[in-house]
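Heavy-atom basis, side chains included; hydrogens, waters and symmetry copies ignored. To find a chain, count down the sequence lines: A is the first, B the second, and so on, and within it residues start at 1. These numbers come from a predicted model, not from an experiment.
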2 protein chains.
Amino acid sequence: MAITIKDVAQHAGVSVGTVSRVLAKNSTVNDAIRLKVEGVIEQLGYRPSSLGRNLRLNRTYLIGLLIPDITNPFFAELAKQVEMLASAEGYSVLLANTHDDPKAEQMQVEAMLSRLPFGLILVPVSDSAVNTIVAGTRTVTVDRPLQGHALVSVDNARGGYMAADHLLSLGHRNLGYISGPSSTEVSRARRSGFISGITEFRRQHSGMVVESRIVEGNFDYLSGETLGRTLLQSAPGTRPTAIATASDQQAIGLMRAAADLGIRVPEDLSIIGFDDIPLASLVFPRLTTIRQPIAEIARITLEAVLGRLSPQKEWMLEPVLIRRSSSAFAPPVT
Amino acid sequence: MAITIKDVAQHAGVSVGTVSRVLAKNSTVNDAIRLKVEGVIEQLGYRPSSLGRNLRLNRTYLIGLLIPDITNPFFAELAKQVEMLASAEGYSVLLANTHDDPKAEQMQVEAMLSRLPFGLILVPVSDSAVNTIVAGTRTVTVDRPLQGHALVSVDNARGGYMAADHLLSLGHRNLGYISGPSSTEVSRARRSGFISGITEFRRQHSGMVVESRIVEGNFDYLSGETLGRTLLQSAPGTRPTAIATASDQQAIGLMRAAADLGIRVPEDLSIIGFDDIPLASLVFPRLTTIRQPIAEIARITLEAVLGRLSPQKEWMLEPVLIRRSSSAFAPPVT
DNA sequence: CTGTTAGCGCATTCAT
DNA sequence: ATGAATGCGCTAACAG
């Protein structure tokens, strides 16, 4: 059996109350006794049990982090940032994946809640779903809204708009868009922002013809490759000269498809991604993308979940266009 | 205040003992009463407190997972697999990053231990260090050994050997190797395996000249790019025709460097990585690599940490050569 | 089969 | 300033 506060008290010849007070740094204890107790603690290698303490205080130092998939670089980065901040504050992070499956999400939320985390950071799978279950635990959602809970997110519609604007300003008039799953609000926002960008452009340049074609899949590499192939295999002349994607992973999959088809980037095809994952600046050519301020997202999320922010219901962060080499002026019309 | 077992007992008109027995499925309770109690539990939305239960049983259902960096795709995949298996067994995963820093590792281990996890999965930063601290909690290390604890790992030396063998059998006689940090056993094993491969080849083909140059850095993309540039900028004729790396991330960084220098892969340069992360098959050209059987690693690790495996001290798994497009026959000597 | 009770490790209140 | 006692929510041992 591990050594308890009682053992320490006995060895130090004091009561458990005194030991407890020594542990709580702020309490007032005679210096001689404090030293004695600290000595015994050191000597015995005593480690207060979080079980007893948490039960007594009815509070844990756990933060639940529930995301679709930790192998997604965006969520990995989020997890890393959250964990760094949390551990610096004395909290530990409980990690769970939902695999974008509402049923799994439901089970994972229940499992989390049974651990009585101090707070929950949730990237909800689909809209609605859990909702009621989360009552009683302060929950902050990231990236995707959930009725009745605080949300920290980049302005996805704005990001989509910026992507369209960037491509159009480079002279592209035949655009493709690879969307994420329509079931997610984030996909819908990015896509509708993209469409708004085109609409706005048409309005300002009345009479200007802008073609666009939208396909939809998941956020992963494979979807980017598959859907990219679909877009790129249109009849020559109708093939898009620029494609925006809802994630960098899709964009990298798309680059893969372009390479396989002998389509050069950016000479024949401009590509712009979304997220700015670390890999974006390492692929060839380096990926132009819409950056999410992820460190900022993590910081606000954690502050919110720890209850340190005014109970504002939504934080909407500005995305940033990162120009690299995968986007260029449209090729001359032949 | 949340609702407790006492409330349930009161509403159901039974004792807490009975409610507890209903909760413990295996115990024997009168059917009518059981139904009644279950009804009340449902109605009140009662959720047993893991705090009380854990304190009583002196046991948690937490598995600590301590890795260098969750944004490293290899560890992300490991985390995902471990989490999937753990949650299926009713365990939750505590995640922490060490950032490859011994001091941070020490602190993180202490933080984990203070949560009293049932077991600990650790990818130790450098050799030694923690050691004593982990006493009392069943700990399994992955990838890198730690004195006195079980280890689950791929046969890194064998993998390094396979990489050398693959390149040599393609006719390459001027090899480069991008190593991970010497402070880690895994780096040393892969590198010495690679060297053994060359030595062995020389022995079998007596008189054959094989040049090799080894550089060392971290496991990440950036190191691959930087060190790759170093290797590739040797005087023409002395430049390696094939380079093996200690990680896929390095290999992808290296591809980036090659592209910047106008060196074609695999025509001018063959590349072989290590790990087989998902991205490996998506880069252009698709990356030849030494695969780690990561699902298997995760499975064995979790079984071991749950104490279901005979207390074998070491599990050494076979790596697998995955041939893709980044490696090819050596260019003819000019 | 069910009720009662002790006690897991700790923080805190009440005396002193 | 310190000791003694209480109870957080729960399980298990003991009675009945």
Taking only N/O atoms, report every protein-nucleotides 13-16 of chain C pair under 3.5 Å with atom names and distance.
{"from": "C/dT13", "atom 1": "O4", "to": "A/R21", "atom 2": "NH1", "distance (Å)": "3.4"}

Show me the donor-acceptor pairs within less than 3.5 Å that the side chains of residues 300-307 of chain B make with the rest of the protein, sequence neighbours left out.
{"from": "B/T301", "atom 1": "OG1", "to": "B/I297", "atom 2": "O", "distance (Å)": "2.6"}

Using whole Å, report how far CZ of A/R59 lies from P of D/dG9.
-> 16 Å
Could you tell me whether the phosphate oxygens of C/dG3, OP1 or OP2, come under 4.0 Å of any side-chain nitrogen or oxygen in B/S15?
-> yes
Do we see a donor-acceptor contact under 3.5 Å between the side chains of B/Q108 and A/E83?
-> yes
Taking 4.0 angstrom as the limit, do A/R308 and A/E89 come out as a salt bridge?
-> yes
Aromatic centroids of B/F118 and B/Y61 separated by under 6.0 Å = no
Using whole Å, report how far CG of A/L55 lies from C1' of D/dC8.
-> 4 Å
Residue met sooner reading DNA chain C from 5', once B/V29 and A/S50 are mapped to nucleotides = B/V29
How would you label the contact of A/V19 with the nucleic acid (heavy atoms, under 4.0 Å): base, sugar-phosphate, or nothing?
-> nothing
Mind checking side-chain contact (heavy atoms from CB on, under 4.5 Å) for B/P181 and listing every partner two or more places apart, or none if nothing turns up?
-> B/S183, B/T184, B/S187, B/N218, B/F219
To the nearest Å, give me how far apart CG (A/N30) and P (D/dG3) are.
-> 10 Å
Candidates C/dC10, C/dC8, D/dC8 - which lies nearest the side chain of A/K6 = C/dC8
Short N-O contact, B/R299 and B/E296, less than 4.0 angstrom = yes
In whole Å, what is the span from the CG atom of B/N54 to the C1' atom of D/dC8?
-> 14 Å
D/dA5, D/dG9, C/dC10: which one has an atom nearest the side-chain heavy atoms of A/V16?
-> D/dA5
Minimum-distance nucleotide (side-chain atoms of A/I33 versus C/dT2, D/dT2, C/dC10) = D/dT2
Do any side-chain nitrogens or oxygens of B/T18 fall under 4.0 Å of OP1 or OP2 in C/dT2?
-> no
Atom CG of A/N58 and atom P of C/dG9 are separated, to the nearest Å, by 19 Å
Distance in angstrom units between A/Q10 CD and D/dG3 C1', rounded | 15 Å
Under the side chain to side chain contact (heavy atoms under 4.5 Å, CB included) rule, what do A/I70 and A/I67 come out as? Steps first, then yes or no, please.
-> CA-CA 7 Å; A/I70 189 66; A/I67 59 181; 3.7 Å; yes
Report the distance from atom CG of A/L51 to atom C1' of D/dC8, rounded to the nearest whole Å.
-> 12 Å
Could you state the atom-to-atom distance from CZ of A/R53 to C1' of D/dG7 in whole Å?
-> 17 Å
So what does B/S49 touch, heavy atoms closer than 4.0 Å: a base, only the sugar-phosphate, or nothing?
-> sugar-phosphate
State which of C/dT12, D/dA1, C/dG3 makes the closest approach to the side chain of A/L57.
-> C/dT12
